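Reviewing the structure listed below.
Keep in mind it's a predicted model, so treat the numbers as computed, not measured. Letters A, B, ... mirror the listed sequences (proteins, then strands); counts begin at 1. Heavy-atom basis, side chains included; hydrogens, waters and symmetry copies ignored.
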Amino acid sequence: MTAAPPSNRPKINDNDTELIEAINSGQTEKFSELVRRYEQKLYNFGRRMCGDAADAEDLVQDTFLNVFRYLKDFRHETKFKNWLYRVAASTCIKKRRRSKFAPERELSLEEFVSGEEPGAAAQVPDWAQIPLEKLLNEELVQTLHQAILSLPEQYRMVVVLRDMEGFSTEETAQIMNISSTNVKVRLHRARLFLREKLKGYFAHGL
Amino acid sequence: MACDNPEHRHCLELFEKLSEYIDQELESETHRHVEAHVAECLACSACLQTLKQTIALCRQAGERSVPAAFSRKLHAVLQSTTKPPLP
Ligand SMILES: [Zn+2]
């Protein structure tokens, strides 16, 4: 038997399907509804990835322009939201390549292992035991955002997608076009990196 | 922390798996193994708690709303681009 043609693949129906079909059938004025649904999500993704408000705005605009350009090619094989993030992720990576030439730094597990002197009293620090609602304040959120921005981009994107935007390992792998194993490795290192920064903050701040 | 001490090899092996453990992505046997170790090793337990709290903070960090001026500009730009050409 030959492979099934693409049209026989299961189509994923979500809340956006109807709207997308309307846009693709020529009702392009409905595109603004799609923008309304996702502008806030993408803006936050942009702020987390680029930090700077102006860069985030550029990313949102370029992503929607690309979405409009390629919407006819969307085959409903994933949720629209995941496809949208895939477009946003590649738009983001292309943009940043253009703006800076520094090679990406790799994070190794070892750098998180050697941080403390062995034999130090092992106990759960206070900050890990305080309920989140008591811990969270503007300063801490700022510290966290700064820490995320200081991660190398490939790690930053993984932790943003997994722990801030709520995508699964599989979805993150699809969005970034990397393997699930790679997502897990990068995620663990990114989390350890952030944990170090938070430890530093609480060592001086509490 | 002993879990950060390279000499403590067992802890070190677990250190690599803590994220997958938190995300419930380990096979059940390995999951149980980590669980049992963490229950009796204070160093690894401290590691686990700080990592969990880090993740919880990321999840709760909140969203900004889109600046109104940008949203207006965005819709205007996209509207002019997506308008079908006049016949
Ligand atoms: Zn241990």
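No donor-acceptor pair under 3.5 Å is formed between the side chain of A/N44 and the backbone N or O of B/E63. Formation of a donor-acceptor pair under 3.5 Å by the A/T28 side chain with backbone atoms of B/K83 is not found in this model. Proximity of a side-chain donor or acceptor of B/Q53 to a complementary backbone N or O of A/I130 within less than 3.5 Å is detected. In this structure, A/Q123 contributes its side chain and B/A46 its backbone to no donor-acceptor pair below 3.5 Å.
In this structure, no portion of B/L48 lies under 4.5 Å from any heavy atom of chain A. Both the backbone and the side chain of A/L65 have a heavy atom closer than 4.5 Å to some heavy atom of chain B. Only the side chain of B/L78 comes within contact range of chain A, judged by heavy atoms closer than 4.5 Å. At a 4.5 Å heavy-atom cutoff, the contact between A/D163 and chain B is made by backbone and side-chain atoms alike. Only the side chain of A/L144 has a heavy atom closer than 4.5 Å to any heavy atom of chain B. In this structure, the portions of A/Q61 lying under 4.5 Å from any heavy atom of chain B include both its backbone and its side chain. Neither the backbone nor the side chain of B/K52 comes within less than 4.5 Å of any heavy atom in chain A.
When all heavy atoms of B/S65 and A/Y43 are compared, the pair lying nearest together is O-CE2, 3.9 Å.
No side-chain heavy atom of A/P125 sits under 4.5 Å from any side-chain heavy atom of B/Q49.
Ranked by non-hydrogen atom pairs under 4.5 Å with chain B, the options A/R189, A/R47, A/R36 are led by A/R47. Ranking B/T82, B/L57, B/V66 against chain A, the residue ahead of the rest is B/T82, based on heavy-atom pairs under 4.5 Å. Between chain B and the residues A/G166, A/S32, A/A53, the largest count of heavy-atom pairs under 4.5 Å involves A/S32. Among A/E133, A/E29, A/R162, the residue making the largest number of heavy-atom pairs under 4.5 Å with chain B is A/R162.
Side chains of A/T169 and B/E25: a donor-acceptor N/O pair is present below 3.5 angstrom, by distance only. Between the side chains of A/E39 and B/S71, a donor-acceptor pair is found at a separation under 3.5 Å.
For A/K81, the NZ atom is densely surrounded, since the number of other residues' heavy atoms within 6.0 Å is greater than 12. The number of heavy-atom neighbours closer than 6.0 Å to NZ of A/K197, taken from other residues, nucleotides and ligands shown, is 12 or below. Atom CG of A/N137 has more than 12 neighbouring heavy atoms from other residues, nucleotides or ligands inside a 6.0 Å radius.
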Requested in this report: Show your reasoning for whether side-chain contact (heavy atoms from CB on, under 4.5 Å) applies to A/F64 and B/V77.
Outcome: CA-CA 10 Å; A/F64 279 122; B/V77 168; over 6 Å; no
Query - Audit row: A/K184, B/D23, salt bridge (Lys or Arg N to Asp or Glu O under 4.0 Å) steps and yes/no - result: CA-CA 10 Å; A/K184 290 182 191 180; B/D23 296 336; over 6 Å; no
Report task. Just do the side-chain hydrogen bond (donor to acceptor under 3.5 Å, both in side chains) check on B/T54 and A/R191 with the steps written out, would you? Result -> CA-CA 7 Å; B/T54 302; A/R191 284 170 171 178; over 6 Å; no
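Between the CG atom of A/L192 and the OG1 atom of B/T50 there is a distance of 8.5 Å, given to the nearest 0.5 Å. Residue B/Y21 holds its OH atom at 14.0 Å from NE2 of A/H188, rounded to the nearest 0.5 Å. A distance of 11.5 Å separates CD in A/E165 from SG in B/C58, rounded to the nearest 0.5 Å. B/T81 contributes atom OG1, which lies 9.0 Å from atom CZ of A/R69 (distance to the nearest 0.5 angstrom).
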